[in-house]
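Data block below; observations after.
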Amino acid sequence: MRQSLATFAPADAPSVPLHAVSADGLAAWLDQQPERVRTWLNATGFSAAAGETLCVPDVAGAVSMAVFGLGGAKARARRRMALGAARKKLPRGTYHLAGGFEAEDLPEQALGWLLAGYSFDRFRHRSADEVSLAMLKAPAGIDAERVTVLAAAECLTRDLINTPASQMGPEELETTLLALAEEFGAHVSVTYGDDLLQENFPLIHAVGRASDRIPRLLDLRWGDSGPRITLVGKGVCFDTGGLDIKPAASMGLMKKDMGGAATVMGLAMMIMALGWKVRLRVLIPAVENAISGSAMRPGDVLTARNGLTVEVNNTDAEGRLVLADALALACEEAPDALICMATLTGAARVALGPDLPPFYTDDEDLALALSDGAAAESDPLWRMPFHEPYEALIEPGIADLDNAPGGGMAGSITAALFLRRFVTPGTRFAHFDIYGWQPKDEPGRPKGGQGQGARAVLWALPEVLGPGIEGGA
C-alpha cells in the first residue's frame, strides 16, 4: 500500500466539492444548483445511478465540482463504502465532501475512500501516473485519526495475505510481527522447531514438521495494565493438505491460509495505535502444511497441550490442530477476552458466501456487541451456534477428538466445537471462520486479500470490557 494514499489531504489544501446524490433526490438537488450545472448534468444524461461519477467544468474548463451517484432506494442497502468507487473514477486532485451522506455514515464512507487507494504492487512495476489517485479532505465531524489507523491496519492485513507463500512463510510472518512490535514497543517471544515439543506444543509441531520451513509459535505482548485481551490467529502460510493432498484447484488460493494471522495482526495494530489501556497478547502458530517423510499421517493420534488426544482423520484439517495448542496456552492466564480468527472451513463459505463470515460464542453480551459492531463498522458477521448435539460427531472413539468428522455436514460448526474443547469454560471466547479474500472488485475492497471481523471486534470489546479501555495509554 502506498502510504500517501492511506491518509487524508491536508485540511487547508485547495479542494473541489464532491456531491453525493441519490437518484430519487437528484431533481431536488438540481433545483438548488446554478443553471450551468443543471444544463451540464442534463446534457450528459447524469442519472445518479450507483457509482456514476461526473465532473462539472467551469467556464475555463477546469473542474468546478464533482457529482457521485448513490442510486435509488433499492441501492441503499448496497452503499457499503460506496464513496470508494468515486476515488477510482475522479481525476487527480483534492476534493472535499459537500453532502449526500448522514453524519453516522461518514466514517465508513471515508474509510472506503482510503481503502480504495489500496493495490498490491510488490511485484508489479507501474508508472507514477498509474498510481496517482484523487485525495480527499477528512469529512467534518469524523475521527480522522481513527479512520486512518483502521485503513493502515487493513492494508497491512491485505499485504500479508496477498504476498505469495514463497515470500510469506513462517519466518516472514515472524519478521512482520517483530517490525510491528518494534513500532509500538511490544515484546515478541518465539518457540521454534523441536523446541515446540519441549515446550508442550505437540500439535503445532506435528502440522509443521514436514516442511523445511521451521514451524514456530509467535507470542506478542503489549501493555501492562487493564483487561487481558488475547488474539489467536491461524498462521498456516501454505496448505498443501498434507498427505491428504488438495487438488490443484483447491490449492490455488492457499497463500491466504494465514488470513487469520494477518487479521489479528491488523487488529493488534489498531489496538496499539489507538493506545488502548489493555494487556494485549497475540498468539500465532506459524507453519507450512507440507509433504515429506516426516509428515503426519491419517490415523495418527496426537496429544494436545491440554492433554486431549486427537485422531487425525484428515491431514487437511490442520488449522484446528495448530489453533488448539495456542488456545490452550491462551487460557492458562485466564484472559478477559479471547478472540480466534482462522480461514478454517469451506463449509462456512457454502453456508454464507465469501463476504459474511460466521462467528461462534457462548457469551450473549459479546454476541450482541459483535453483531452491533458489524453493523456499525460495515464489517459483516453472522452468528452461528455451538450446536451441542453435534458434539458426538467430533468424538471418534479411538481418541478424545476427531479432527475431521465424516458425513460432509455441519463442517464449520464441528470445527468450532473442536476448538471450544481447548478453551476453559467460562472464558469470554469468540471464534471467527473467515474467508480472508475478496473474489471481485467492490468499492473500497479490491479483489484479493481481505481482513474480516477486525473492525467489528474493535467496536465490540469496549462494550463488554468497559469503555475505559479506549482513549490513550
task: With the side chain counted from C-beta on, respond yes when Arg146 and Val149 share a heavy-atom pair under 4.5 Å apart, and no when they do not.
output: no
task: May I have the step-by-step check of side chain to side chain contact (heavy atoms under 4.5 Å, CB included) for Asp239 and Glu318, ending in yes or no?
output: CA-CA 9 Å; Asp239 180 19; Glu318 85 299 330; 3.2 Å; yes
query: Going through the distances and angles, do Asp433 and Thr345 end up as a side-chain hydrogen bond (donor to acceptor under 3.5 Å, both in side chains)?
result: CA-CA 7 Å; Asp433 192 341; Thr345 71; 2.6 Å; yes
- request: Apply side-chain hydrogen bond (donor to acceptor under 3.5 Å, both in side chains) to Glu199 and Tyr192, showing your working.
  value: CA-CA 10 Å; Glu199 299 298 326; Tyr192 298 99; over 6 Å; no
query: Taking all non-hydrogen atoms of both residues, which atom of Val207 and which atom of Asn289 are closest, and how far apart?
result: O-OD1, 3.9 Å
query: Salt-bridged, Arg216 to Glu174, with N to O below 4.0 Å?
result: yes
Among Leu461, Val464, Asp336, the one residue meeting side-chain contact (heavy atoms from CB on, under 4.5 Å) with Pro227: Asp336
query: Quick one: does Met341's side chain get under 4.5 Å of Leu231's, heavy atoms only?
result: no
- request: Using a cut-off of 6.0 Å, state whether more than 12 heavy atoms not belonging to Tyr390 lie near its atom OH.
  value: no
task: Check whether any side-chain N or O of Asp400 sits under 3.5 Å from a backbone N or O of Thr309 as a donor-acceptor pair, and report yes or no.
output: yes
- prompt: With a cut-off of 6.0 Å (strictly less than), are more than 12 heavy atoms of other residues, nucleotides or ligands near CD1 of Ile398?
  reply: no
task: Using a 4.5 Å cut-off on heavy atoms from C-beta on, say whether the side chain of Thr230 contacts that of Ile339.
output: no
query: Does the pair Glu333 and Arg228 meet the rule for a salt bridge (charged side-chain N to carboxylate O under 4.0 Å, His left out), with working shown?
result: CA-CA 9 Å; Glu333 61 178 27; Arg228 294 183 183 273; 3.8 Å; yes
field: Stepwise side chain to side chain contact (heavy atoms under 4.5 Å, CB included) check, Glu377 with Glu108
entry: CA-CA 7 Å; Glu377 295 289 349; Glu108 171 200 332; over 6 Å; no
message: Within the 4.5 Å heavy-atom criterion, are Pro202 and Leu302 side-chain neighbours or not?
response: no
- request: Could you tell me whether a side-chain N or O of Thr343 sits under 3.5 Å from a main-chain N or O of Gly260, the two making a donor and an acceptor?
  value: no
message: Tell me whether Asn403 contacts the main-chain N or O of Asn314 through its side chain, where contact means a donor paired with an acceptor under 3.5 Å.
response: yes
field: Backbone N/O of Arg158 and side chain of Asn162: donor-acceptor pair under 3.5 Å
entry: yes
task: State, with a plain yes or no, whether a side-chain heavy atom of Pro335 is found less than 4.5 Å away from one of Ile229.
output: no
field: Separation between CD1 of Ile271 and CD1 of Ile469, rounded to the nearest 0.5 Å
entry: 7.5 Å
- line: On a heavy-atom basis, the closest approach of Arg80 and Pro443 is O-CB, 4.1 Å
query: Measuring from Leu321:CG to Ile204:CD1, what's the distance to the nearest 0.5 Å?
result: 10.0 Å
- request: Please check if any side-chain donor atom of Tyr435 sits under 3.5 Å from a side-chain acceptor atom of Asp355, or the reverse.
  value: no
- line: Nearest heavy-atom contact between Trp459 and Ala376 is NE1-CB, 3.6 Å
message: Are Phe422 and Phe418 an aromatic pair, judged by ring center distance below 6.0 Å?
response: yes
message: Would the distance check show the side chain of Arg383 and the main-chain N or O of Thr361 forming a donor-acceptor pair, the cut-off being under 3.5 Å?
response: yes
field: Test item: Arg305 side-chain N/O and Asn200 main-chain N/O as donor-acceptor pair under 3.5 Å
entry: yes
message: For Glu395 and Arg421: C-alpha separation, side-chain torsions, deciding distance, then whether salt bridge (charged side-chain N to carboxylate O under 4.0 Å, His left out) applies.
response: CA-CA 11 Å; Glu395 297 169 347; Arg421 293 290 188 98; 2.6 Å; yes
message: As an exercise, state the distance from CE of Met384 to CZ of Phe359, rounded to the nearest 0.5 Å.
response: 11.0 Å
- prompt: Taking C-beta and beyond as the side chain, do Arg87 and Leu136 meet within less than 4.5 Å on heavy atoms?
  reply: no
- prompt: Measuring from Leu401:CG to Asn313:CG, what's the distance to the nearest 0.5 Å?
  reply: 11.5 Å
- request: Just do the side-chain hydrogen bond (donor to acceptor under 3.5 Å, both in side chains) check on Ser47 and Glu52 with the steps written out, would you?
  value: CA-CA 8 Å; Ser47 64; Glu52 188 178 7; 3.1 Å; yes
- request: For the residue pair Ile284 and Asp219, establish whether any side-chain heavy-atom pair is separated by less than 4.5 Å.
  value: no
statement: When rounded to the nearest 0.5 Å, the distance separating CD1 of Ile291 from OG of Ser211 is 11.0 Å
message: Test side chain to side chain contact (heavy atoms under 4.5 Å, CB included) on Leu280 and Arg221; report intermediate values, then the result.
response: CA-CA 6 Å; Leu280 175 67; Arg221 291 181 182 269; over 6 Å; no
message: Given 3.5 Å as the limit, does a donor-acceptor pair link the side chain of Asn306 with the main chain of Ala328, or not?
response: no
message: On a heavy-atom basis, which atom in Leu114 and which in Ala6 lie closest, and how many Å separate them?
response: CD1-O, 3.6 Å
message: Do the side chains of Glu364 and Arg428 get close enough for a salt bridge, i.e. N-O under 4.0 angstrom?
response: no
message: When you measure from the side chain of Gln438 to the backbone of Gly448, do you find a donor-acceptor pair of N or O atoms at a distance under 3.5 Å?
response: no
query: Given Leu106 and Glu104, is the side chain to side chain contact (heavy atoms under 4.5 Å, CB included) satisfied, shown in steps?
result: CA-CA 6 Å; Leu106 288 176; Glu104 60 267 24; over 6 Å; no
- request: State, yes or no, whether a side-chain contact exists between Leu54 and Phe68 at a heavy-atom distance under 4.5 Å.
  value: no
Greater than 12 external heavy atoms within 6.0 Å of Glu145's CD: no
- prompt: What do you reckon, is CD of Glu182 surrounded by more than 12 foreign heavy atoms closer than 6.0 Å?
  reply: no
field: Within 45° cone and under 6.0 Å: Arg420 NZ/CZ vs Phe386 ring
entry: yes
message: Any side-chain to backbone donor/acceptor pair from Ser22 onto Leu70? Under 3.5 Å, distance only.
response: no
message: On a heavy-atom basis, which atom in Met258 and which in Cys237 lie closest, and how many Å separate them?
response: CG-CA, 3.9 Å
From Tyr360 atom OH to Leu417 atom CG, the distance as rounded to the nearest 0.5 Å: 8.0 Å
- prompt: Lys255 and Ala165: which non-hydrogen atoms are nearest, and at how many Å?
  reply: CB-N, 4.1 Å
message: Any side-chain to backbone donor/acceptor pair from Lys256 onto Phe238? Under 3.5 Å, distance only.
response: no
